[in-house]
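A quick note: this is a predicted structure, and the numbers were derived from the prediction, not measured. Order of the sequence lines fixes the chain letters, A, B, ..., with proteins taken first and strands second; residue numbering starts at 1 for each chain.
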Amino acid sequence: MPELPEVEVVRRGVAQHAIGRTIAQVDIRGDRVARRHVAGPMDLADRLAGGQLLAADRRGKYLWLVVQTPDEDPQALVVHLGMSGQLLVDPAQAPRQKHAHAIFTFTDGDPQLRFVDQRTFGGLALTDLAPDHRGGAAQGEHPHGIPASVTHIAADPLEAAFDLPAVVRVLKTKDTAIKRLLLDQNVVSGIGNIYADEALWRAKIHGARPASSLTKPALTRLLEHATDVMTAALDVGGTSFDALYVNINGQSGYFDRSLDAYGQTGQPCTRCGTLIQREVFMNRSSHFCPMCQPAPRGSR
DNA sequence: CTATTCACCTGGGTGC
DNA sequence: TGCACCCAGGTGAATA
C-alpha cells in the first residue's frame with residue numbers, strides 16, 4: 001500500500017521521466033479519477049493541455065506535479081495514489097491497462113505517463129499553489145509552495161520542516177490511542193497502517209495506549225522509529241505485497257522481507273519469539289507482539 | 001470545536 | 001464450478 005516511502009519512490013521516478021516535458025493532451029476516462037477536481041474532468045484535461053511540468057514534489061502521501069499551464073500561474077496537479085494507484089511510464093503502443101483512468105501524452109512523443117488505479121481511492125486534481133505555512137526554519141524546501149488542497153496535511157518526518165518536539169508536545173496532550181494519532185495526517189503525515197505497526201513494534205508500544213500515558217522520551221523514540229523504518233523502506237524501493245504497488249516501471253520494492261510486525265500474524269517475534277498477534281482496531285488490522293508490546297489495562 | 005464512524009472501490013481468497 | 005461473503009485500507013464527509 002502506498003505510504004510515504006512508496007510515494008517517494010514514485011515521485012523520484014516521475015521527476016526523472018517527466019520534468020521539463022510539455023503535455024500534449026490528457027485522456028481521462030470516467031468521472032471518478034477527477035472527483036476531487038471540482039470543475040470536472042473536462043476542465044482538468046483542458047487546462048493541462050500545453051502545460052509544462054516544472055517539478056515533482058511531495059508531502060506525506062500527497063504527490064504533486066508543478067505545471068506551468070498556458071494561461072495561468074503555475075498550478076499543482078495533485079496525485080494521490082489512495083490504496084492501489086500507480087503512475088506508470090509506458091510507450092504509447094503498450095496495451096491500455098483495464099484501470100488506466102488518465103493517460104498523459106507529451107509533445108516530445110514517448111513515453112506516456114499513465115495513472116492506473118484498480119480501486120480508484122486515488123485521484124487527480126489541479127489546484128492553486130499556496131505558500132508553505134509549515135515551512136518555518138526550512139523555507140525553500142518547497143520552492144513552488146504547497147497545493148491549496150494539501151495545506152491541512154502536517155509535515156512528514158523526512159521533511160526539514162518536520163518539528164519533532166512540537167509533534168511530541170501535541171501527542172502528549174491527547175488521550176487518543178497512539179496508533180490513531182500516528183495515522184492522523186493532520187498530526188504527522190506519511191505514516192499508514194504498515195509503518196505504524198512497524199514503528200510501534202520497534203518502540204515496544206501497544207497501539208491502543210493513550211498517547212498521554214506515554215512519556216515524552218517514549219513518544220520521541222516512537223517517531224524516530226517511524227522515521228527510521230520509512231527511510232529503510234525507501235532505500236530498498238518500498239514495500240510491495242503484490243503487483244498493486246509498483247514503481248513507475250512496474251517493479252516491486254523489497255521491504256516486505258524486512259517487516260517485523262505487519263502481516264506477520266502467527267510468526268515468532270524476531271526479538272523474543274512470542275507469536276505475533278493480529279487484532280482489529282479502528283476497523284484496521286493491527287499486528288503486534290503481545291510480549292514486547294503489552295496491551296494497556298482495560299483494553300479489549 | 002473535537003473525536004469517531006463509515007462510504008467509497010475491486011479483486012483475490014475462502015467456505016459451502 | 002458457482003456464489004456469497006470477507007478482506008485489504010486512505011481519505012473526507014457525516015455523525016455523535
Side-chain angles (χ1 to χ4, degrees), chain A residues 1-11 29-38 58-64 78-87 97-102 115-125 127 147-154 156 170-200 207-213 226 230 233 238-246 252-253 255-256 259 261-266 277-288 299-300:
Chain A
M1 320 305 156
E3 304 179 28
L4 187 155
E6 293 75 32
V7 178
E8 175 62 15
V9 168
V10 172
R11 187 200 67 78
R29 189 158 298 188
D31 291 335
R32 191 167 161 78
V33 70
R35 68 194 181 286
R36 294 201 179 91
H37 184 79
V38 279
R58 181 190 58 73
R59 167 165 281 170
K61 303 168 194 171
Y62 287 81
L63 166 67
W64 63 90
V78 179
V79 180
H80 201 291
L81 301 178
M83 283 285 299
S84 55
Q86 307 170 343
L87 274 177
Q97 292 85 351
K98 181 178 177 186
H99 299 292
H101 302 289
F115 182 77
V116 179
D117 189 355
Q118 175 189 105
R119 294 174 212 171
T120 41
F121 279 24
L124 308 174
T127 72
S149 59
V150 180
T151 50
H152 66 293
I153 299 297
D156 69 58
V170 170
L171 292 175
K172 189 66 187 164
T173 68
K174 307 264 189 186
D175 298 329
T176 307
I178 183 62
K179 182 169 178 182
R180 186 183 293 279
L181 295 170
L182 280 182
L183 296 173
D184 185 340
Q185 306 297 301
N186 302 303
V187 175
V188 50
S189 71
I191 303 173
N193 203 40
I194 297 171
Y195 298 113
D197 279 0
E198 292 301 305
L200 288 163
R209 293 275 305 273
S212 55
S213 74
M230 290 197 292
T239 302
S240 310
F241 299 107
D242 51 34
L244 268 194
Y245 165 68
V246 292
S252 294
F255 198 69
D256 60 312
L259 295 174
Y262 184 88
Q264 305 305 305
T265 311
Q277 283 185 12
R278 171 184 175 275
E279 270 180 19
V280 174
F281 173 69
M282 292 171 61
N283 291 321
R284 298 286 181 267
S285 287
S286 286
H287 313 76
F288 65 100
S299 84
R300 298 198 48 99

**Complete:** Rounded to whole Å, the CD-C1' distance (A:Glu279 to C:dC7) equals 17 Å
**Request:** Identify, with sequence neighbours excluded, every residue that meets salt bridge (Lys or Arg N to Asp or Glu O under 4.0 Å) alongside A:Asp156.
**Result:** A:Arg58
**Request:** Taking salt bridge (Lys or Arg N to Asp or Glu O under 4.0 Å) as the test, write out the residues that go with A:Arg11, two or more places apart.
**Result:** A:Glu8
Sequence neighbours excluded, which residues qualify as side chain to side chain donor-acceptor pair (under 3.5 Å) partners of [X]?
X: A:Ser149; value: none
X: A:Asp184; value: A:Asn186
X: A:Lys61; value: none
X: A:His37; value: A:Asp43

For [X], all residues meeting side-chain contact (heavy atoms from CB on, under 4.5 Å), sequence neighbours excluded:
X: A:Asp175; value: A:Ser212
X: A:Arg278; value: A:Thr265, A:Val280, A:Ser285, A:His287
X: A:Arg35; value: A:Arg32

**Item:** Start and end of the DNA chain B segment that chain A contacts, any atom under 4.0 Å from a heavy atom
**Value:** B:dA3 to B:dG11
**Request:** Using heavy atoms to find the nearest nucleotide of DNA chain B for A:Thr120 and A:Thr176 separately, return the residue whose nucleotide is more 5′.
**Result:** A:Thr176
**Item:** Protein proximity profile, nucleotides 10-16 of chain C - base contact B, sugar-phosphate-only contact S, no contact -, cut-off 4.0 Å on heavy atoms
**Value:** BBS----
**Message:** Check the orientation of A:Tyr62 and A:His80. Use parallel for under 30°, tilted for 30 to 60°, and perpendicular for over 60°.
**Reply:** perpendicular
**Asked** Hey, what bend do you get for the helix from B:dT2-C:dA16 to B:dC16-C:dG2 if you fit axes on five pairs at each end, rounded to 10°?
**Response** 50°
